[in-house]
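What follows is a single structure, written as structure tokens, with notes after it.
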Amino acid sequence: MVESFFSATDHDLNKLAQQDSITLLSGPPSSGKTSLLFQYAINSAIESQDSKVVFICNLKKLEIKPPYLSQGIDSSSDVFRQIEMKYIDDEEGLKKYFAAFHLLDEIPMRVIVDDFGNFFDQKSCHEKYGNSRGRDLAMVRTLALCRSAIDHVNEKRGLCQLLLSDTNHGDLPRLLFIYKRWIPTIFTIQGDGSGSFLLKNNNNPDGGKRKVAKFSIALQYLFLEAIYEEN
């Protein structure tokens, strides 16, 4: 549901729980991915006041490019107390978190990882794995760990969903091939040529209509312009 990434109505919030256990949001640089993720975190926190949401990101990156909120969101709202910010610097930090995920006292209802691919440095992965495709290998192994951790807690302790974002630089088809092995639902962002962006679910197995959200970042707000259907 593309509506899940924008300021939502109660009807839309009820559909958050219907999402797959792991979802990817992929788009080009500076296309509003962090803002969409954070709005998703807010919606998740509003949906259930009894559970927390974990937002994993790189602190330096977040300070340089903080997320923009939708208009009407009160930045002093108590809902932000349910969002736990967890700052991780690299691949090892991600693996440590998900390796011990089942040991957490409280399993969050959502775990959101901003710019997943940014945690994997090309040079470091090449040296570590002794392979020119070391970064791809590191990402695949970490994705497998993430999937295993989420599946395990959902079997034993209840519902938890994982949402990742990643930045593509013209290599979208190759990276999607990697992600599709572990992630059933993939949303993509594309520019529309006029300064706005189009968000859509990349999965359309029946070839039918799908919803597209047209949005922009204007005056430091995340602004939803329209939602429409396309074939």
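A side-chain donor-acceptor contact under 3.5 Å links Ser31 to the backbone of Pro28. Using modelled atom types, one side-chain atom of Ser35 and one backbone atom of Tyr68 make a donor-acceptor pair closer than 3.5 Å. A distance-only check finds no donor-acceptor pair linking the side chain of Arg135 to the backbone of Cys125 [under 3.5 Å]. In this structure, Asp166 contributes its side chain and Gly117 its backbone to a donor-acceptor pair below 3.5 Å. His126 contributes a side-chain N or O that, together with a main-chain N or O of Asn131, makes up a donor-acceptor pair within less than 3.5 Å.
The residues Glu47 and Arg110 are annotated as salt-bridged, a charged nitrogen and a carboxylate oxygen being separated by less than 4.0 angstrom. Under the 4.0 Å criterion applied to side-chain N and carboxylate O atoms, Glu230 and Arg210 are assigned as salt-bridge partners. The pair Lys33-Asp115 fails the salt-bridge criterion, with no side-chain N (NZ, NE, NH1 or NH2) lying under 4.0 Å from an Asp/Glu carboxylate O. Ion pairing between a basic and an acidic side chain is recognised when a charged N comes within 4.0 Å of a carboxylate O; Glu92 and Lys95 show such pairing. Using a 4.0 Å cut-off between charged side-chain N and carboxylate O, Glu229 and Lys211 make no salt bridge.
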Assess the residue pair Ile178 and Leu143 against the criterion (side chain to side chain contact (heavy atoms under 4.5 Å, CB included)); give the C-alpha distance rounded to whole Å, side-chain angles, the decisive distance to 0.1 Å, and a yes or no.
CA-CA 9 Å; Ile178 294 174; Leu143 281 170; 4.3 Å; yes

Stepwise ring pair (Phe, Tyr, Trp, His ring centres under 6.0 Å) check, Phe5 with Tyr40:
CA-CA 5 Å; Phe5 294 94; Tyr40 191 98; 5.3 Å; yes

Tell me, with the steps shown, if Thr142 and Phe119 meet side chain to side chain contact (heavy atoms under 4.5 Å, CB included).
CA-CA 10 Å; Thr142 305; Phe119 292 103; over 6 Å; no

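Taking hydrophobic clusters as Ile, Leu, Val, Met, Phe, Trp and Tyr residues chained together by side-chain heavy-atom distances below 4.5 Å, Leu36 does not share a cluster with Leu198.
Within 6.0 Å of atom NZ in Lys65, 12 or fewer heavy atoms from other residues, nucleotides or ligands are found, so the atom counts as exposed in its surroundings. With a 6.0 Å radius and a threshold of 12 heavy atoms from other residues, nucleotides or ligands, Lys96 has its NZ atom at or below the threshold. When the shell of 6.0 Å around CD of Glu106 is examined, it contains more than 12 heavy atoms from other residues, nucleotides or ligands.
At least one side-chain heavy atom of Leu37 sits less than 4.5 Å from a side-chain heavy atom of Leu25. Between Phe215 and Glu225, every side-chain heavy-atom pair lies at or beyond the 4.5 Å cut-off. Here the side chains of Leu94 and Val113 are in contact, with some heavy-atom distance below 4.5 Å. Side-chain contact between Arg181 and Val140 is absent, with no heavy-atom pair separated by less than 4.5 Å. Here the side chains of Val111 and Phe55 are not in contact, with every heavy-atom distance at 4.5 Å or above. The shortest distance between side-chain heavy atoms of Phe187 and Leu24 does not fall below 4.5 Å.
A donor-acceptor pair shorter than 3.5 Å cannot be found between the side chains of Ser77 and Asp74. Between the side chains of Gln161 and Ser21, no donor N or O sits under 3.5 Å from an acceptor N or O.
A distance of 5.0 Å separates CD1 of Ile227 from CG of Leu224, quoted to the nearest 0.5 Å. The SG atom of Cys160 sits 6.0 Å away from the CG atom of Asn154 when rounded to the nearest 0.5 Å. The line from CG of Leu163 to OG of Ser44 is 8.0 Å long, rounded to the nearest 0.5 Å. To the nearest 0.5 Å, atoms CZ (Phe6) and OG (Ser70) are separated by 7.5 Å. Taking CG of Leu62 as the start and OG1 of Thr34 as the end, the distance is 7.0 Å to the nearest 0.5 Å. Distance check: Leu164 CG to Ile56 CD1 gives 9.0 Å after rounding to the nearest 0.5 Å.
With sequence neighbours excluded, the residues forming a side chain to side chain contact (heavy atoms under 4.5 Å, CB included) with Leu137 are Tyr129, Arg141, listed by chain and number. Contacts of Asp151 classified as salt bridge (charged side-chain N to carboxylate O under 4.0 Å, His left out), with partners at least two apart in sequence or in another chain: Arg147.
Contact detail for Phe223 and Gln71: the closest heavy-atom pair is CD1-OE1, 4.3 Å. In plain terms, the two heavy atoms of Ala144 and Trp182 that are nearest each other are CB-CH2, 3.7 Å.
Between Phe80 and Phe38, the two ring planes are parallel [angle under 30°; tilted spans 30° to 60°].
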